[in-house]
Asker: 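One structure coming up, written as structure tokens, with questions to follow.
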Amino acid sequence: MEWIQQIVNGISLGSIYALIALGYTMVYGIIKLINFAHGDVFMLGAFIGFFAIARWDMHFIPALLMAMILCAVIGVIIERVAYKRLRNATRIAALITAIGVSLLIEYTVIFFRGASPEAYPTIFERSTLNIFGVQIDTKSIFILGVSIVLMLLLQFIVHRTKIGKAMRAVSHDADAARLMGINVDNTISATFAIGSALAGAAGVIFGIYYTRIEPLMGVLPGLKAFVAAVLGGIGIIPGAMAGGLVLGVVETIVSALGFSMWRDAAAFIILILILILRPAGIFGKNAREKV
Amino acid sequence: MKHYKLKKFASIFLATSVLAGALAGCGADSGGGSSNGGSSGGSGNSADGDTIKIGANLELSGGVASYGLSIADGATLAIDEINAAGGINGKKIELIKVDNKSENAEAASAAIRLAEQEKVVAMIGPATSGNTVATVQIANQHKVPVVTASGTAPNITENDDGSINEYAFRTCFIDPFQGTVAANFATNELGAKNVAIYADNASDYAKGLAASFKETIEANGGNVVIEQAYVAKDVDFKSTLTNIKGKNPDFIFIPGYYEEVGLIVKQARELGITVPLMGADGWDSPTLVELAGNEALNDTYITNHYSSEDPDPTIQKFVEAFKGKYNQSPNAFHALGYDTVYYLKDAIERAGDNVTGEAIKNALAETKDLSLVTGKFTVDEKHNPVKSATVLEFKDGNQVFNSKVNP
């Protein structure tokens, strides 16, 4: 029973990694940019959700939508201001800019509100399902549900809509897509908007699940999401989902075996192993479909 | 974890380089070599004119800002009272507050600034043990006494080799004492036999408490069934807690700071862990209650320096004055900040007209039977006050006075 409980713990943690990883992987898939500011958009989402719930008395769904919309706008602004002009620059220049944007966001938030942590208000009454001795928080079921709905929605957008088709085209060959009459700039902006909205949603979910938010909270989950994206095969949407869940479960198992001091190390050991043994990731193929 | 460790290394590196820079500066100033380091001569800074400058090197922002801000409020109240009553030997006290951002390196540079530029005669030290340790060498070097209100690690006043840091003092008791009190409380009051320990592995404070708790509980005939650790800034504790739950302990000791403990308590209750949980003064913050929630905190205990509900008249007088000024009930850090100022005042008075760092240091070390809000204390030869501890219980999010334990 203890093991089932641990798997439940791991899936709850993993679904948050997965949501952040989806945005990472989309942006990488389309413009080959490791967007280090993604974890900080996640942090901004958590704070927007906090203000919406604690200060403006919104309920969960409106607060979630508001965080997603504002984060989408922030994502587009970041892309337009910082990354657009570097589209033909070297990849290292774009990478360094991304790190700069990340630090700028973190310390701007600290400048305005200080670095002290904030506690999320309780919006769900604590109730626990006891299934054969396994304690499942109803909140974590709800959160897992929201994560799955958002992932399915994303799959639908990418595979069934016009903008999704444009994204897939741009990721294969931006120049060819432009020749076919696709507006590449708008497509890239849409990618950033969707990816950032997912990060914003993950922020709100994180706040509700773990209660404590602070300006530097995006750093470690951002790195973990990067590991999850690489694990699943960077640029592949189902891969990011699977990678996030696997990472969450692995971390939990490492702790369950009594090596709680090694759980963060485990994530990065996985990163190193996957880069050595199977750089394309679990879902990677030679001819892979991206975005 | 990686990130945090790196940051810690970076701050230690910074602290040492700041220190090295300061030492080099002093060496160059002294030229002839007659001075032994302090930029202002042989006996530290002295109070000239009609004000006595006291520095406050506190966590006014950052991870443990709640402690620093509380100490600053308590100290300000005490200084207002003293100045309104005519000051110390006719001189008014001026408090110079510097924010150390809850970081070791910042605490070291704040101490240098207070000693060299502001020329304070004494400093109220940082709130946490780690930050205080970073200032102790600077205090010795500049001959400016540093008195921490809440730094409880033994190595603030006593080095590993047993030598005493001459200029370091504290108003609170030390870690091993709290661990011992908690263990005795668990055995005698709660009848705990099989206990678990879940400690913050990134803090000397928590490790010191865990060690003394374990020693005492085993001496009392109890078993430690499982010992686990976490690292500051972690947010997910469920897997380790599930592990602990599997060993069926009847009591869990969680030494750590409120930021993580709040989440641990909440997640423990979510997993159906109903046994009593206990910690120490690191839990004492309103943020803990916000993070954990009132309900989860029921049946949890802490050892602390004092309780605002203690019927003692000295305490009630302080509580009233504090409520009058800040419109809230004072917590232990408020009380310790307040006491630190009175501890200094008593020493400065006994030092007489000779208000120098060296004279204050000697007077601080000779303090006997000083009656303060957090207890009556005498300073022992290791610069630690010998005083009582209080056990508090959380009931619906409020700390309720449970019992007082004498050393």
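Chain A is the first sequence line, chain B the second, and so forth, proteins listed ahead of strands; every chain is numbered from 1. Bear in mind that the values here come from a model prediction, so they are computed numbers and not experimental data.
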Asker: Step through the shown structure and confirm whether more than 12 heavy atoms of other residues, nucleotides or ligands are within 6.0 Å of CD on Glu218(B).
Answerer: yes

Asker: Mind running salt bridge (charged side-chain N to carboxylate O under 4.0 Å, His left out) on Arg212(A) and Glu118(A) for me, showing each step along the way?
Answerer: CA-CA 6 Å; Arg212(A) 188 187 69 200; Glu118(A) 199 84 67; over 6 Å; no

Asker: Is it the side chain or the backbone of Lys101(B) that comes within 4.5 Å of chain A heavy atoms, both, or neither?
Answerer: neither

Asker: What part of Glu260(B) gets closer than 4.5 Å to chain A, counting heavy atoms only: side chain, backbone, both or neither?
Answerer: both

Asker: Could you tell me which non-hydrogen atom of Met66(A) sits nearest to which non-hydrogen atom of Trp56(A), and how far apart they are?
Answerer: CE-CZ3, 3.3 Å

Asker: Could you list all the salt bridge (Lys or Arg N to Asp or Glu O under 4.0 Å) pairs where at least one residue sits in residues 195-211 of chain B, not counting sequence neighbours?
Answerer: none

Asker: Report the option among Glu290(B), Arg269(B), Glu259(B) that has the most heavy-atom pairs separated by less than 4.5 Å from atoms of chain A.
Answerer: Glu259(B)

Asker: So which of Ser255(A), Ala115(A), Ala267(A) has the biggest tally of heavy-atom pairs under 4.5 Å with chain B?
Answerer: Ser255(A)

Asker: Which heavy atom in Ala67(A) sits nearest to a heavy atom in Gly49(A), and how many Å separate them?
Answerer: CB-N, 4.3 Å

Asker: More than 12 heavy atoms of other residues, nucleotides or ligands under 6.0 Å from CZ of Phe51(A): yes or no?
Answerer: yes

Asker: May I ask you to check whether over 12 heavy atoms, not counting those of Lys245(B), lie within 6.0 Å of atom NZ?
Answerer: yes

Asker: Output the option from Val235(B), Ile244(B), Ile226(B), Asp236(B) having the highest count of non-hydrogen pairs under 4.5 Å with chain A.
Answerer: Asp236(B)

Asker: Among Ser102(B), Ser66(B), Ala229(B), which residue has the highest count of heavy-atom pairs closer than 4.5 Å to chain A?
Answerer: Ala229(B)

Asker: Can you tell which of Ser116(A), Pro221(A), Ala119(A) has the highest number of heavy-atom pairs within less than 4.5 Å of chain B?
Answerer: Ala119(A)

Asker: Given heavy-atom pairs under 4.5 angstrom as the criterion, report whether the side chain, backbone, both or neither of Thr242(B) touches chain A.
Answerer: both

Asker: Examine whether an atom of Leu263(B) lies under 4.5 Å from a heavy atom of chain A, and if so say whether it belongs to the side chain, the backbone or both; otherwise answer neither.
Answerer: side chain

Asker: Using heavy-atom distances under 4.5 Å, tell me whether Tyr209(A) contacts chain B through its side chain, its backbone, both, or neither.
Answerer: both

Asker: With a 4.5 Å cut-off on side-chain heavy atoms, are Gln399(B) and Ile302(B) touching?
Answerer: yes

Asker: At a 4.5 Å cut-off on heavy atoms, which part of Thr122(A) comes close to chain B: side chain, backbone, both, or neither?
Answerer: neither

